[in-house]
Every structure is written in C-alpha cells, then in structure tokens.
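Residues take their numbers from the sequence shown, with the count starting at 1.
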Amino acid sequence: MILTLIALAALVVLTPVLTRFAGRESGWPLAIGYLGVAALFTPTAAEVMAGRNPEVFYPWIPSFGVDLALRADGIGVVFTYIALIIGAVVFIYSTRYLSPGRNTSFYWLMVIFTFSMVALVLTNDVLVLFVCWELTSLASFFLIARSGPPGQAPALRTMFFTFIGGLSLLVATGVIIAVTGTTNLAEAISSPVWAGQPEVTTLVALLVGVAAMTKSAQFPFHPWLPDAMAAATPVSAYLHAAAVVKAGIFLMLRFSPTFHATPAWNILLVTAGLVTACLGGWFALNQHDVKKLMAYSTVSQLGLITAVIGVGTEAAIAAATLHVIAHALFKSGLFMMVGVVDHLAGTRDLARIPKLMRTAPAAFTVMIIGCASMAGIPPLLGFVSKEALFTALGETPGGPWAGWVALLVAVGASVLTFAYCAKTVWGSFIDGREPEERRIQRGSPVMLIAAALPILASVPLSFVLYLLDTPLDQVVRAAVPTASEHVHLALWHGFNIELLASGLIIVIGVFIILRRSRVFVFFHKATLPFDGADVIDSLTNTLKRLGYGLSAFVRPMNSGPYLALSLGGLSVLAIGAIPVVFADLPPLQANLSRPVDVILLILITVAVLVLCTSHSRLTTVVALSAIGILATVQILALGAPDVTLTQLLVEAMTIIVIMLVLQKLPRSFWKYPKRKQTPRLILAIIVGASVAGLTLALNGRRERSDLGLYYLDKAPEISGGKNIVNTILVEFRALDTLGELTVLGMAGIAIVAVMSTVKDKFIDPPAENIPEPPRPPWVSIRPKGTTAYRAVHEAWPNVIPLQLTLKILGPLLAVSSLLIFWRGHNSPGGGFIAALVGSAVIGLAYLSTPKDRAIGPPRAPLYLIGSGVATAVVTGIIGLLFAGSFLQPMHTEFAGQHWTTSMLFDVGVYLAVLGLMLLSFNLLGVSDSAATPAGDDVLTNGIIRRDVERTRERADELLYGELSGPMEAIRGERPERSRRRGVEESGEAKVRANSTHILHGDPPTDGDEEEA
C-alpha cells in the first residue's frame, strides 16, 4: 500500500522532466504509470476483498501523535481504482486534446491531484486526511486557474466554496481529536464516545456534512461546479466527474459508520441531496452550452448519491457506491465526448452544433450509450444503479411517508435526467442544421476511443454484476460495521415499485423527446435572472463596499496619522507603566557600559539628527548608512563577530539597493511648513524618550537564560560545531530559519509579481512625457573629445577603476564566500553571511558595467530562490525519513572531517539569499529615469530618448526569458512566441563571471559590449 503512494510521488517528481522531453505526449507514459500503480495496488485490494484491512504507519509528528498511517478497506479500494483508471484514460485523451507544447502545469497538477486523492482515501489519520483534503482543493484551484483569464474568477469562486468546506472540516477535525483523544481515523470513527455525547455527535456530523457538501457541489454550494467548466475538458472529465466531487462523496461514506444513525446527518444529506438533484436537473435543461449542461447533470447525479448516503442503511450504501462507479464511467466519458463534439463542430453551443449523426456515426453511438446509461435505460449499468437508488430511498428514516416522498422526488429528478440526456443527444447530433463539409473539422480517433472506453466498459458490467458483489460487500462492511446481509446485484428483480418508476420515467421521457421543441424552449425561458456566480459576485461586491466604507479611517496614503497613533499609544503605555513597575525591577547587571559606548552614542545621535533634518535624499542615505556602520561597531565591541559580519554585509547590500532605487525618486524631500513640523518634532522626542525608557527598564536586568546556558553547554556536543549562533540557526531552530527563508524567497517573488502587473508606461513613463528639460550644467564643460567631457557625458571611462577592482576582488570575494560558508559550523560564518559576500561580487559587477545590463541569465534569480528553498525542504525530508523528525540533522565523520546534513540546509540558505540579491540588483537598479540617463539614452532636440531595458521588461524576462520588449499584460498572460528572443538575437549581452572588462582607454563599440 505504501508502494502505491511512493510510486505516485515518483510520478509527481518525474512529470516536469517528462513533459520537457515528451510535451503533450507525456499522457501516454503517465497513463501507463497510472495503470502500473493500479496493478501495484492490486495485492492490497485482494486482501481487502478477502475481508482483511491491511494497515501500515510511520511516525510523522510523534509529539502530537500524528502518524503517516494508511489503512485499506472497501471504500478506499473503490475510490483508488476510480482515481487511477479514469485518470489513465483522461491522460490518453489529453494527448490529442491539448495543444502541442509542454503542458507541464496540466500534467503536473493532475498527478499531484491524483496523489492527494489516493492519499485521502487511504489515510488512517485525521490530520493527514485534512491535509490531503486541502491539497485536492488547491490542485483543483490551480487546474481551473491555468485556463487563463476566463478561468481566474471561476477558480477564485471555487476556492471560496472549498474554503468553507475546508474550514468546516478543520473544526470537525479539532473536535474529533479533542473528544476521542486520538488522531487515528479508524479508532476515532469507532469510538464509543459518540453514543454518550449526542450534542457533540450532532455538531461534528453537521460540520463533516457541510464539508462534504461543498466538495460534492450540493445546494447551496453547487455553483462552483458549473463555474469550474472554464477549465479544460480533460480537467472537467477527471476532477469534476470522477475525482474532486467524489472526494465529498468519499467523506460521507467514510464517516457514515459514526453518523448514519444521527438524525441531523440523515436530514441534512437527504434533504440537500434531493433538492440538489432537482435543481441540477432543472438548471441543466436551461443550458445552451453542452459542457455546462453536463456540469449541472453532475450536480444532479451527486445529489441523488448524497441523499442515498444520508439514508445510511446497508442497501443505501451499496446503491450509492454502485452509482458512484456507474457515474464515474459514463460521466467521465460524456465529458470527453463533449470535447470530441467541440473539436468536430468548433462550438459547444447546442443552437449552433450541426447535425453530426451521419458525419460522426461512431461518436453518435458512444454519446447515445453514455446518455442512456445516465438516463437509466436498461440493460445498462446506470439502470441497475438507478433502481438501487430508488430501493434505498424507500428506506428513508422518518416513517413510510418519508420514503414515499423521497422516492417521488427522486423520480421527478430522474425525469429531468432523461430530458437533459435527450437534449444532449438530439442537440448535438440530430436536430442541428445540415453540416457544411468545409466547416466540419477532422476528429481525433484517440480522443474518441479514450472517451468511449469508460462508457463502453459499463455495458458488459450489467451482465456480470456478480463481479461487483464482493467490492460492494466490503464497502458496506466499512460504512456499516453492523452489516449482516451480503450484497447481491441483479439486472432483473421482477415487477416492483422501482421497475414501475423506471417505466414511468421512460414513458415521460419519450413524450418529452416527441415534444422536445416546446419542452426545451420552455426550459430555456424558465430561467432565473441570475446564477450562482452572480450571487457570489454580488456578495463579493457587497463586502467590497462594506470594506471600502470601513477603510475611511485608514484610506489616506499619508502614513503619518497612523504612525502617530501607534507610536503615541506606545509612548502613553511606556510613560504610564515605567514609573509603576520601575521600583520592582531587578537591578542592572554590572559592566554594561564602557567609554566607547558614549562615543558611539554621540556619533549615532549626530547621524540621526542629520537624517531627520536633511532635505536631500542622498544625504539621508549617507546618514542612514553611518548609523548602520556605527551600530555594527557597537556589536563588534560587545564581542559578537558573527552578528557583526552579518550586520556589516546587510548594511552594505541594503545601501547599494537603496542607492539603485534612489535614482527613480526626486532628489529632495518635500518641504513642510513649520506649523506641521513642530508637532512632529515634539512627538518624535516623546516617542524617542519612551523607547529609551523601555529599553532601560526591560533590558540588561537578568542573568543568562536557562535556554541560553543550555545552548552554551550542550550545543557543541550535540551539533559537533563550535559556532553556537550558526548551529542554532541551522539545527536547533532550523524550522524557524526555514520559515524565514521561505518569507525571503516570497519577498523576491512578490517583487516580480508586483512589477509584472503594472504596465511599462506607469513604471517608467516615456522621457518625452516629462516636461522638465535637462538642466544646464552648473559649471562650464570643456569641448567634446576632451577627457573632462567624456568624464561627464560618457559612462565607460568612469567604470574602468571599478572593473579593475572587480578583476582583482571578484575572485577573492568568491573564494572568501566559499571559505566563510565552509567554516560556518565552527567559526564566524555560515550560509547567510557567505551569500552576502557572494552578493558583493554581483554588486560590483553590476556597478562596473558601462551600460545598464542585467547580471546573468534572466531567470537565474528565481531559479536560485526556488532551488534554495527546495534544498532546505529536501534536507528536512531527509531528516524525516532517516532520522525520524523533519529537519533533524544527521552527523558523520569522513576523511577526518565532521559532516552534517545541516550544511546542505545552509546551501539552501546560500542559494536563496544569493538569488534575492541578484533579483534586487537586476530589477530595482534599472537606470531609465529621464533625470538620470544611462545606457544608450540620447539627447535629441532637447528630448531624452531611451534605448535600454526597462523595469517591466526585466520583470517579464525573469519569468519568460529574453523578450523583445516589455509586455502589456497585467494578468499573467504568457508572451507570444514572436516576443521571445535569444541572447544572440537580442544583441544585448548579460554580465556574467566571464565577461570581458575594459582595461584600456578606447570606448567599446556596439559589437564589443560585454560578452555573455
């Protein structure tokens, strides 16, 4: 069983590599892989069919009693095979449905979803179940969103509904663990506490029921499923016919042993299911788009399954499971047939689809069989499952009248089912206009065969129903532990009320077909003026208006009032609290102050005053840098070389980045009148004094903490390293460091994301739109051709010293970076400091270029960030697998050296920090301001015109590689192929380690610029 998940995890890892080489043809090996995983799972399934429930577990979070526990039963076996077999068929279909190309996101997300789904149905831990539940929601969201702008709003609405379900399940999970005292799913479900606490049982039943209803698209959570049809047809065929929606059904079946006798559970599921069945059928008949019709038909069919699960009897569980199997077969095939029709006719609009009956007879036959099975026409599997549903609904709790009412409602819903099946067949193949041969496109035999496979597979099953007896027996045994009778399926049960109901449905259905022109027109008119998406949009807009109204208190862009409020509140707290508690505070520790502290205090005070009073932005940056350097000296005086080196390097890199950004800002700050500045000065003095008082009152008054002493005494022995600061970061508190590393990486990604959503003309407005003409020089310049003229007007002579410096310091800094990294476990250093030293090389290279060009390949920063975070996570997984705890370091001695996996974690830190700094230089340092011309800017008739990469172009290239210019997209659209270019085509080289630097006095020609 564990091998099943390991195999799927391997497919998750291999899929991006596979799509890189095979493109859309990756569906073939993935389909084979799915079938191989199904075969690998077969021995486990055989054990379940023999009446056993194999279990395996591995400790995951021992302190919370959470295990990676797996347990197979009849329910898990059925849903595992549905996910794998239908997934394999959909992958085959996708090889011809998808456009040529890699399609990595589609295949990868589909495999991730399958892994999550199989883990969900096999897990035996409540917390792991919740995690897998959320993973299926995320995979569904991304698969819908990948469809581009049309899929973004539906994806968000889908996430909204599934978020409600996830939150409900999270609360239920917490209550289950609190009540039962265990995270083991089987033990929690069978716990005797449910019988003794009916109020808690009802609460959890409602929470689980709501969670399941959101995923299975039950009223009032049904709008997301039709909305999700913005996704590609293979996504709809798999996730929204055979997988995601089945996750909700699975959850109902999984918790049925606990709640099947709880009235709230019965009422909720039966009522919501029957209402959903009728509404889904009605809305399906309202549709013109055959794909949306199929979506609402799924809603209707899931409603019947939900209602029957709510009945909770042995017959009901067997009937629901049988219909789950039948629905997975005919509905996945029908969704794929919609894609076949769309490819043939070029449209999904039933009013525009031509008569395809003669043009595509094979597709017509498959569509008839699939719709007939869904409509419950004998002798197909859908007929058998529909009659089983009717039988089960007759046992609805609440007395005989409840059973009759439920049966009548189900019959009404089934009439609607017959009607929309007829509408699908007649609208797609029979009633259209005569086709024009030139307009009919050539269909793909692979798509047709793949779509036909699940539909045609259901035909022989109707005649060998005994093959399903044992699987359904095991499902009933898992869902109703007290079950005593065996399941026995049959195509013919004699004359009974269910057969009469089926006959009545067929008769009414035939009448509808004969009068279809009037019936379908009636349903087209009998529509609501709004749909579920409109309701969600209305709710969203209402909340937006409410939020906008409440934001009146914080709306102005000026942050002064809010800073005054928060800092003033802190001052009031300090002024009020310090006199009260000061007398009771412990005395200050001895030897806290030294003469050097007074000198540093005076210098820092002067720098702060300069910072606060200067109107020049450049002066304030210099003052800010002085404060940082002086603080570094203070840290060094305290005897903390690690922190000193970190502070110094952070200060240097920060100032460089600030200076790069400064070129885009005005040279001076606004000058405010004294009447505004005086209150600010008073507030600043009060806040400063308050913070100084808090610092004096709360610091330096205790001995070293017990934790600090523990680190000092035990850290070298446990970690094998003498640098306690570094070992704390990468071993004892590695999880904190991983979180900070992730935030660091997300900061870099956020910079790119923000810049990619703003148009170029707003980030860097054209120079000709800036009315201010170039300022005349304050001093006279010697004529053109002189050294003085070149020094002012040409960049390349001024960078020669920096390039010479880089030629000497670059290798030294690179070697120093590696040495600092290597020695970090025992001496001051480590991945973070080493990365900052390495970033100094990048900074020098950037500043030493005569033209504004990016450093390295365009996408290198994101690759470095991603690789760094991934390396850190992989290190944690290695610790989990081989040491029993996530991020647990492992140590060994080799070649006379002490080796530890925390060094690998430090490599991740190094890569991520280096990537962030590279991104900052390349993206924030673009020199394209009209006031600070750079690169190839030229002055023509008093107007500065640019010929350089601008900020938006750099941001786009970080995502897509070399482009011919900035994109206009603001919603993540990909560039056209014609916009992409290589370095050779662009003629604009990137600065790299092997770039040739100018060491002579001749200016570079256009062809002699730095080589890549």
K.L.:
Determine whether a donor-acceptor pair (N or O, by modelled atom type, separation under 3.5 Å) exists between the side chain of Trp224 and the backbone of Thr214.
P.N.:
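At least one qualifying donor-acceptor pair exists.
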K.L.:
Return yes if some donor-acceptor pair links the side-chain N/O of Arg516 with the main-chain N/O of Ile513 below 3.5 Å, else return no.
P.N.:
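Yes, Arg516 side chain to Ile513 backbone: donor-acceptor pair under 3.5 Å.
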K.L.:
Between Lys291 and Met229, is there a donor-acceptor pair closer than 3.5 Å when you use the side chain of the first and the backbone of the second?
P.N.:
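Yes, the answer is positive, given that a donor and an acceptor are paired below the 3.5 Å cut-off.
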K.L.:
Verify salt bridge (Lys or Arg N to Asp or Glu O under 4.0 Å) between Asp431 and Lys423, making sure each step is shown before the conclusion.
P.N.:
CA-CA 9 Å; Asp431 284 343; Lys423 182 176 181 179; over 6 Å; no
K.L.:
Looking at Ala479 and Ile317, what are the two nearest heavy atoms and their distance?
P.N.:
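Heavy atoms only, the tightest pair is CB-CG2, 3.7 Å.
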K.L.:
Quick one: pull up OG1 in Thr202 and CZ in Phe259 and give me the separation to the nearest 0.5 Å.
P.N.:
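Here the interatomic distance stands at 9.0 Å.
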K.L.:
Starting at CZ of Arg96, measure out to CE of Met447 and round the result to the nearest 0.5 Å.
P.N.:
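These two atoms lie 10.5 Å from each other.
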K.L.:
Side-chain contact, heavy-atom cut-off 4.5 Å: Trp426 with Leu350?
P.N.:
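Result no, sub-4.5 Å side-chain heavy-atom pair not found.
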K.L.:
Is the ring pair Tyr296/Phe283 parallel, tilted or perpendicular, if the boundaries are 30 and 60 degrees?
P.N.:
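Geometry flag for Phe283 against Tyr296: perpendicular rings.
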K.L.:
Does any part of the side chain of Leu109, heavy atoms only, come nearer than 4.5 Å to the side chain of Val235, both counted from C-beta?
P.N.:
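No. Closest side-chain heavy atoms not under 4.5 Å.
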K.L.:
So do the side chains of Leu279 and Val299 get within less than 4.5 Å of each other, counting heavy atoms only?
P.N.:
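Counting from C-beta outward, Leu279 and Val299 never come under 4.5 Å.
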K.L.:
Taking atom CD1 of Ile455 and atom CD1 of Ile368, what is their separation to the nearest 0.5 Å?
P.N.:
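Here the rounded value is 11.5 Å.
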K.L.:
With a 4.5 Å heavy-atom cut-off, do Tyr81 and Val78 have their side chains touching?
P.N.:
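Answer no - side chains too far apart.
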K.L.:
Spell out, as yes or no, whether a donor-acceptor pair under 3.5 Å connects the side chain of Ser332 to the backbone of Leu329.
P.N.:
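Such a contact is found between Ser332 side chain and Leu329 backbone.
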K.L.:
What is the ring orientation for His323 with His327, classed by angle as parallel under 30°, tilted 30 to 60°, or perpendicular over 60°?
P.N.:
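It falls in the tilted class, 30° to 60°.
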K.L.:
List the atom of His222, the atom of Ala217, and the distance in Å for their closest heavy-atom pair.
P.N.:
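The answer is CB-O, 3.3 Å.
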K.L.:
Could you tell me whether the side chain of Leu416 reaches within less than 4.5 Å of the side chain of Phe523, counting heavy atoms only?
P.N.:
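Yes. Closest side-chain heavy atoms under 4.5 Å.
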K.L.:
Among residues at least two apart in sequence or on other chains, which ones pass side chain to side chain donor-acceptor pair (under 3.5 Å) with Ser137?
P.N.:
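Scan of Ser137 (side chain to side chain donor-acceptor pair (under 3.5 Å), adjacent residues dropped) gives Lys215.
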K.L.:
Would you compute the distance between atom OG of Ser256 and atom CD1 of Ile309 and round it to the nearest 0.5 angstrom?
P.N.:
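Between atom OG of Ser256 and atom CD1 of Ile309 there are 7.5 Å.
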K.L.:
Among residues two or more places apart or on two chains, list those pairs meeting salt bridge (Lys or Arg N to Asp or Glu O under 4.0 Å) that have a residue in residues 148-159.
P.N.:
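The answer is Arg157-Asp227, Arg157-Asp537.
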K.L.:
Would you indicate whether the side-chain heavy atoms of Lys386 and Ile505 approach each other to under 4.5 Å?
P.N.:
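Result no, sub-4.5 Å side-chain heavy-atom pair not found.
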K.L.:
If you measure only the distance, is there a donor-acceptor pair under 3.5 Å linking the side chains of Thr233 and Tyr93?
P.N.:
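No donor-acceptor contact under 3.5 Å links the two side chains.
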K.L.:
Considering all heavy atoms of both residues, which atom of Thr95 and which atom of Gly27 are nearest to each other, and what is their separation?
P.N.:
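Distance-wise, the nearest heavy atoms are CG2-CA, 3.6 Å.
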K.L.:
Taking Thr80 for the side chain and Val118 for the main chain, is one N or O donor matched with an acceptor at less than 3.5 Å?
P.N.:
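No, because the side chain of Thr80 does not come within donor-acceptor range (under 3.5 Å) of the backbone of Val118.
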K.L.:
Students often mix this up, so state it plainly: with edges at 30° and 60°, are the rings of Phe91 and Tyr107 parallel, tilted or perpendicular?
P.N.:
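Rings of Phe91 and Tyr107: tilted, as their planes differ by 30° to 60°.
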K.L.:
Taking all heavy atoms of Ala237 and all of Met336, pick out the closest pair and write down the distance.
P.N.:
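Ala237 and Met336 have their closest heavy atoms at CB-CG, 3.7 Å.
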K.L.:
Do Ile512 and Ile508 make a side-chain contact, defined as non-hydrogen atoms from C-beta onward lying under 4.5 Å apart?
P.N.:
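A side-chain contact under 4.5 Å exists here.
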K.L.:
Report the distance from atom OG of Ser385 to atom CE of Met374, rounding to the nearest 0.5 Å.
P.N.:
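Output value for this atom pair is 11.5 Å.
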K.L.:
When the aromatic ring centroids of Tyr97 and His343 are compared, is their separation below 6.0 Å?
P.N.:
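Yes, the ring of Tyr97 comes within the 6.0 Å limit of the ring of His343, centre to centre.
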K.L.:
So how far is it from Thr396 OG1 to Leu269 CG, rounded to the nearest 0.5 Å?
P.N.:
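Those atoms lie 11.5 Å apart.
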